[in-house]
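Step one of this worksheet: look at the structure below.
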Amino acid sequence: MQIRSARFDSGWRLSETHTMKPVRVRFAPSPTGYLHVGGARTALFNWFYARQQGGSFVLRMEDTDAARNTDAARQTIFEGLRWLGLDPDEGPEQGGLFGPYSQSERQPIYAATIAELKASGVLYPCFCPRERLASLRTTQEATRQPFRYDRACRAVSAADAASRIAAGEVPAWRLRVPEGKTVLDDLVRGEITVEHADIEDIILVRGDGTPIYNLAVVIDDHSMGITHVLRGEDHLTNCFKQIIIFKAMGWEVPRYGHLPLILGPAGEGKLSKRKHPEAALEHYQARDYHPEAFINWLALIGWSFDDKTELMTRAELVERFSIGRINKSGARLNIEKLASISGDYIRRMPLAEVLPRVRQHLVKAGLVAEPLSAAAEAQVAAIAAAEHERLKAFGDIVEFSRWVFAAQPTMEEKALKNLKKDAANAAMLRDWAATLADPLPLTADMEAAAREFCTARGIGFGVFVHPVRAALTGRTAGPPLFDCARILGAVRCRERLLRGADLAASEPA
RNA sequence: GGCCCCGUCGUCUAGCCAGGUCUAGGACAUCAGGUUUUCAUCCUGGUAACACGGGUUCAAAUCCCGUCGGGGUCACCA
């Protein structure tokens, strides 16, 4: 099979692979304490590809930096992937033939390759003290030179090096970048060429003998049989160093595709958790957007199916995803679009499925306590039904329904205004309260009665509705008025109407 | 600063490889109108973009060059 870039889909250009080997892709996050949206999208695209190609989706923890590696951080990633519905075929939790799946446990695997690299001279020892490296950098910055190691230790002879090591010096080991250039045929960006003169002799092995990221990935990707690497564009410059290592070891280089970065809302650099809460997946999990909507939205950042189709099921996304249609330019997050899509998905759900999701949020927020009485269950069901079409995310229910659970509703300014708008409002509220039967009639009957009530008083329905809504909910927006009334029940309606009457009659502050 | 990547409505994008069918399509947002007791939903309609300059060509959003702008990366981090 021929090697070619698959930047464009043309039907007959079917191949994004260059071998007949089964596709093996990986998601290799670093447990930093949160799952970045960009990482989530990377995981998603890899998962799409694996599922579509009948390949394997491997999860690997890049936790060689022990300081940041905590169990909580790992759990955040596992839970994030679960929420997204991305099940790894192999990983720390599920194991597999190519384990272990955490770099911190793979040191023995690295040792052999490191020894081979040292023996072949691809790695050379660097005895430069950190202070020298630091001052070198400072000088280069000041003189506007490229910030690169000056390769001083390449001049140290093997014999010298051996004796210095014997004398107790502990060198770091650098990659001896060969002459020439490297051409990357990127799956999303096409051919990219970099001259080796522009590549630094980076440190690959620490003084303590452990490999640096750029070495560990190469060894892992090779030993795990990874065929395709889809990752963020921030790895593009690393890629050339990695390819050099692959070639030095005589290993087959996987196919690479570098995804465009997700930028801050103002287009200012990549999203960082410090500056943007929406950088972390937990942000979306907490509000609880519809997960299927979320992956739909995420898939649309940097990828598209055609010029029209946006709403797609998971199965459709798997079927339609193609690396060739991944964009090259960075994208900003459009959270409002997520809200729109999620609201769409939720509206299409049967109420019976919305109810438990919504219920769970009310419990979690402490608005209702488990176990719920039959009356409370009925009330929650009524709230869910009433707010269903307004939800952009399941967690929205909490703010939407606070007015129900408060002893008396908090009055919004506009609601208070509606209450005081007419001098006759206080009397109207009291009079209507007096007409209320317990239990309250069905909404249609209540409305009919209310309209008659208005006609009898010679007022328009609108004059009635706004103050009543204010008294009942303290808000100006919400479900149909009589639904609100029934959620509260006759007794609480009366209480609120009377209090509303008092507020309406009180002097403006 | 070196190297690398990118540049279509406010935002996400289709179109670019194989130049004409593009008076540039869709979605979100926004504006106006309709439905509605509010909000939401739903329906209708509108505003809004090929970064700039050259070149190639009968013809350029599409190809080439340059400029400008944005981003990434340059740790004994990942």
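Within every chain, numbering begins at 1; the chains are lettered A, B, ... in the order of the sequence lines, protein sequences first and strands thereafter. Just so it is clear, the structure is predicted and the values come from calculations on it, not from any experiment.
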### Task
Could I get the full list of ring-ring contact (aromatic ring centres under 6.0 Å, His included) partners for A:Tyr284, not counting sequence neighbours?
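Partners of A:Tyr284 under the ring-ring contact (aromatic ring centres under 6.0 Å, His included) test: A:Phe294, A:Trp297.
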### Query
Between B:C5, B:G2, B:G1, which nucleotide has the shortest distance from any of its atoms to the side chain of A:Arg144?
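Out of B:C5, B:G2, B:G1, the nucleotide with an atom closest to A:Arg144's side chain is B:G1.
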### Task
For the side chain of A:Ala331, starting at C-beta, report the closest nucleotide among B:U73, B:C76, B:C12.
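My answer, after comparing the listed nucleotides, is B:C12.
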### Carboxylate-amine/guanidinium contact A:Glu412 A:Lys417, below 4.0 Å
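No, A:Glu412 and A:Lys417 are not salt-bridged.
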Separation between the [atom1] atoms of [N] and [M], rounded to whole Å:
N     : M     : atom1 : value
B:C39 : B:G25 : P     : 32 Å
B:A29 : B:U67 : C1'   : 33 Å
B:G1  : B:A18 : P     : 35 Å
B:G53 : B:U44 : C1'   : 43 Å

#### Entry: Residues that A:Ser340 engages under side-chain contact (heavy atoms from CB on, under 4.5 Å), provided they are two or more places apart
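A:Ser340 satisfies side-chain contact (heavy atoms from CB on, under 4.5 Å) with no residue once adjacent residues are dropped.
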With a cut-off of less than 4.0 Å, is there a side-chain N or O of [X] near OP1 or OP2 of [N]?
X        : N     : answer
A:Arg148 : B:G2  : no
A:Ser304 : B:A14 : yes
A:Arg332 : B:C6  : no
A:Asn327 : B:C6  : no

### Message
At 4.0 Å (heavy atoms only), tell me whether A:Gly302 reaches a base, stays on the sugar-phosphate, or touches nothing.
### Response
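Sugar-phosphate: the residue A:Gly302, judged by heavy atoms under 4.0 Å, touches backbone atoms but no base.
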#### Entry: RNA chain B-proximal residues of residues 204-212 of chain A, any heavy atom under 4.0 Å
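Hits under 4.0 Å, by residue number: A:Arg206, A:Gly207, A:Ile212.
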## Note on the structure
In B/S/- notation (B base, S sugar-phosphate only, - none; protein heavy atoms under 4.0 Å), nucleotides 22-44 of chain B written 5' to 3' is ---BBBBS-------BBBBSS--
### Message
Taking side-chain hydrogen bond (donor to acceptor under 3.5 Å, both in side chains) as the definition, give me every residue that meets it alongside A:Asp483, ordered by chain and number, with sequence neighbours left out.
### Response
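Once residues adjacent in sequence are excluded, A:Asp483 has no partner under the side-chain hydrogen bond (donor to acceptor under 3.5 Å, both in side chains) criterion.
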### Query
Taking only residues two or more places apart in sequence or in another chain, which ones pass salt bridge (charged side-chain N to carboxylate O under 4.0 Å, His left out) with A:Arg348?
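A:Asp344.
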### Query
Can the positive tip of A:Arg287 be found less than 6.0 Å from the middle of the six-membered ring of A:Phe394, inside 45° of the ring normal?
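Pair A:Arg287/A:Phe394 does not count as cation-pi.
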### Query
Are the ring centres of A:His235 and A:Tyr213 closer than 6.0 Å?
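Aromatic pair counts; centres sit under 6.0 Å.
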